[in-house]
Amino acid sequence: MEEIKIIQEPLRPTSLSAEECRRLAELLFPQITKRPEDYEALYPERDLPAGALVTRLGPSPTGFIHLGNLYGAFADERLAHQSQGVFILRIEDTDQKREVEGAVETLITSLNYFGLHFDEGATVAGEKGAYGPYRQRQRAALYQCFAKLLIQQGRAYPCFCTEAELEGIRSAQAEAKVNPGYYGKWAKHRDLSLAQVKERLEKKEAFVVRLRSLGDPERYFSIEDGIRGTLSMPENNQDFVLLKADGIPTYHFAHVIDDHFMRITHILRGEEWLSTLPYHIELFNTLGWQPPVFCHTTVLMKMEGETKRKLSKRKDPELGLDYYRSLGYHPAAVREYLLTVLNSNYEEWRLANPGLPMEEFAFTTAKMGSSGALFDLNKLSDVSKEVLAGLSAQAVAEFLLDWARTYEKKAYAVMAKDPGYLKAILNIGRGGENPRKDLIFGKQIHEFIRFFFDEEFIYEDAFPENIDKETALRLLEDYLAGYSFDDDNQAWFEKVRQLAAAHGFAAKPKDYKKNPEQYKGHVGDVSSLLRVALSGRRNSPDLWEIQQIMGTERSAARIRQAMEKLRGA
RNA sequence: GGCCCGGUGGUCAAGAGGUUAAGACACGGCCCUUUCAAGGCUGUAACACGGGUUCGAUUCCCGUCCGGGUCACCA
């Protein structure tokens with residue numbers, strides 16, 4: 001990775017003396033007694049094989065994750081695990097207001113469901129790993145230690161501005177047509193004297209800690225992004241907030257400190273962080289730490305009307321992970337889909353290696369796209385069909401039942417009654433060179449196979465219109481008389497041909513096409529009649545096979561039921 | 001609006017200074033076929049625009065346009 005230009009000479013050093021800075025720090029953080037080097041010792045460099053990557057997922061516990069989050073998380077997971085590195089779950093709970101009860105548990109369960117497992121970090125039970133705690137609010141003392149350090153160094157200061165004062169600054173800036181923000185001469189409390197601070201403190205005024213930025217936005221630095229290559233950005237000059245009034249850090253401060261002390265090597269995050277990268281770089285430089293490799297992923301987009309839009313948790317609840325889970329998408333299918341979106345060469349690899357587990361694919365950040373990808377349901381379906389077609393009937397049956405048990409209880413009761421039957425149904429067209437691919441997700445599979453179950457059987461389609469009622473009844477009656485479970489597929493269909501011929505239908509469609517006036521129809525029409533009788537549908541898998549699975553009794557009952565229906569009609 | 005990131009068929013995308021500009025999904029046609037699914041063959045369809053640099057630009061540079069992101073004591 002390329003070296004980052006270090007921001008050097010202070011533009012406007014603090015007006016306080018070194019001694020005053022020390023006293024200020026002590027005044028603000030008397031309770032902080034640990035020193036920076038204590039933390040360096042507490043969280044040592046990791047002893048990992050060469051080339052091992054340490055990545056982290058840092059969700060905020062707002063109780064909702066969508067496909068876009070999974071997308072990034074999956075990249076993190078692959079990078080860590082394929083390099084024998086470490087994959088960490090860190091809960092970024094610095095915003096108490098937005099926290100949702102139980103969100104962490106939901107989050108972990110969901111991620112696990114989709115095959116993401118963490119080596120270190122927060123767990124449902126608590127946490128594991130030597131670099132914890134992994135919930136940021138529990139690391140308050142650590143952040144405060146470094147806030148204190150920066151104040152000692154004259155690189156941070158307390159700011160007592162109220163909401164109204166900040167608003168005043170913003171409107172003045174708007175009027176003057178300059179960039180908004182707390183910086184330079186607009187940073188009112190940047191040069192408060194020690195006495196002034198004391199005075200406000202005595203009045204119990206709340207304060208935040210801000211960085212005393214030394215950057216100059218006229219100057220640019222370049223940085224190598226793991227996904228996007230060389231990036232050119234202006235230096236930061238914002239005195240952004242490090243510690244909020246409650247003593248809890250902002251994302252910016254927590255991110256830099258945690259990623260340093262958890263010894264993270266690669267930071268994957270959404271491109272919405274690109275514009276604050278200069279904040280983070282200034283912080284890393286100020287603290288004298290080597291920044292990890294930044295990898296800014298593209299956000300997953302959604303089509304809204306004519307335009308693309310970033311996935312939003314508020315507007316797109318249907319893109320929430322639980323949505324896919326509740327519809328019964330197989331986790332492997334979702335993973336497979338995500339991988340095709342994540343790495344452009346994955347599909348190619350998959351085509352060449354149909355049988356290999358996806359873990360063997362060499363995932364790289366360089367192959368990740370940097371333009372916004374649209375979530376493509378068609379593609380997900382296709383991938384899903386492919387994945388399900390590759391599983392055994394047993395595996396599909398288990399998956400289907402697991403899904404139905406929680407999301408489709410009635411269906412579960414029906415399907416679970418006879419596991420052998422269910423398995424036989426799901427085995428239709430499975431295996432071999434060109435398996436059927438009509439199963440996509442749980443709910444859809446259930447719809448697809450429900451006609452096999454008497455409890456759920458209904459006539460979804462009408463009987464063929466070109467066969468009159470009398471003929472239809474006679475056909476069904478004769479069919480019933482001639483049917484034998486022991487016939488093989490060919491023998492069975494031969495009988496259907498004969499049956500068709502006996503009732504004035506062409507035994508072969510070609511004959512019918514040649515002389516349509518000589519026939520009532522052709523064998524296909526007769527099949528169609530049988531198909532509706534047996535399955536309630538005009539389209540279904542192979543009829544002979546269906547009857548083999550349903551058995552003589554059930555099949556015969558269906559035929560009789562159809563006759564009843566015809567008579568009644 | 002400032003700043004940042006992007007722009008190759010409908011979608012996802014490969015690609016290199018000279019290619020007939022891959023592939024996948026979707027869509028159309030044909031074949032196979034008792035329906036469906038699968039399979040085989042095949043077709044429609046793309047380098048945002050304008051300037052440069054160059055013998056040659058979709059590829060490099062600049063501008064324009066378009067899309068997205070971000071400008072919080074949210075992450």
Just distance, no hydrogens or angles: give the donor-acceptor pairs under 3.5 Å from side chains in residues 443-451 of chain A, sequence neighbours left out.
from, atom 1, to, atom 2, distance (Å)
H446(A), NE2, E456(A), OE1, 2.9
H446(A), NE2, E456(A), OE2, 3.1

P spacing across the pair rA24(B) / rG18(B), given as an integer number of angstrom: 24 Å
Nearest-neighbour nucleotide for the E271(A) side chain, rG68(B), rC73(B), rA26(B) considered: rG68(B)
Would you tabulate the pairs of protein nitrogen or oxygen atoms and nucleotide nitrogen or oxygen atoms of nucleotides 2-4 of chain B closer than 3.5 angstrom?
from, atom 1, to, atom 2, distance (Å)
rC4(B), OP1, Y220(A), OH, 3.1

rC5(B) base / R228(A) side chain donor-acceptor hit below 3.5 Å: no
Ring geometry between F160(A) and H189(A) (parallel below 30°, tilted from 30 to 60°, perpendicular above 60°): tilted
Separation between the P atoms of rC74(B) and rA16(B), rounded to whole Å: 44 Å
Salt bridge (Lys or Arg N to Asp or Glu O under 4.0 Å) partners of residues 340-352 of chain A, not counting sequence neighbours, each pair once: E336(A)-R350(A), E347(A)-K379(A)
Touch class at under 4.0 angstrom, heavy-atom based, for T94(A) against every strand present: sugar-phosphate
Salt bridge (Lys or Arg N to Asp or Glu O under 4.0 Å) contacts touching residues 238-254 of chain A (sequence neighbours left out): R190(A)-D239(A)
Side chain to side chain donor-acceptor pair (under 3.5 Å) involving R137(A) - partner list, sequence neighbours excluded: E99(A)
Touch class at under 4.0 angstrom, heavy-atom based, for V208(A) against every strand present: base
All side chain to side chain donor-acceptor pair (under 3.5 Å) counterparts of R531(A), not counting sequence neighbours: S540(A)
Under 4.0 Å protein heavy-atom contacts per nucleotide of nucleotides 31-38 of chain B, with B for base, S for backbone only and - for none: ---BBBBS
Between rA75(B) (P) and L277(A) (CG): distance, integer Å: 17 Å
Parallel, tilted or perpendicular: rings of F253(A) and Y143(A) (30°, 60°): tilted
Under 4.0 angstrom between K367(A) side-chain N/O and rC12(B) OP1 or OP2: no
Residue pairs, two or more places apart or on separate chains, that pass side chain to side chain donor-acceptor pair (under 3.5 Å) and touch residues 541-550 of chain A: Y479(A)-Q547(A)
rG6(B) and rA22(B), which share atom name C1', separated by this distance in whole Å: 23 Å
With Y182(A) via side chain to side chain donor-acceptor pair (under 3.5 Å) - residues at least two apart: none
Same-atom distance (P) from rU70(B) to rA75(B), integer angstrom: 14 Å
Sugar-phosphate only, base, or nothing, as touched by C159(A) at under 4.0 Å among non-hydrogen atoms: nothing
Sugar-phosphate only, base, or nothing, as touched by R210(A) at under 4.0 Å among non-hydrogen atoms: sugar-phosphate
Side-chain N or O of K244(A) closer than 4.0 Å to phosphate OP1/OP2 of rC74(B): yes
Contacts of D225(A) that satisfy side chain to side chain donor-acceptor pair (under 3.5 Å) - sequence neighbours left out: H296(A)
Less than 3.5 Å apart, which donor and acceptor atoms pair up between the side chains of residues 173-180 of chain A and the rest of the protein, not counting sequence neighbours?
from, atom 1, to, atom 2, distance (Å)
Q173(A), OE1, G181(A), N, 3.0
Q173(A), NE2, G181(A), O, 2.7

RNA chain B stem ranges, 3 or more consecutive Watson-Crick or G-U pairs under 3.5 angstrom: B:1-7 with B:65-71, B:10-12 with B:23-25, B:27-31 with B:39-43, B:48-52 with B:60-64
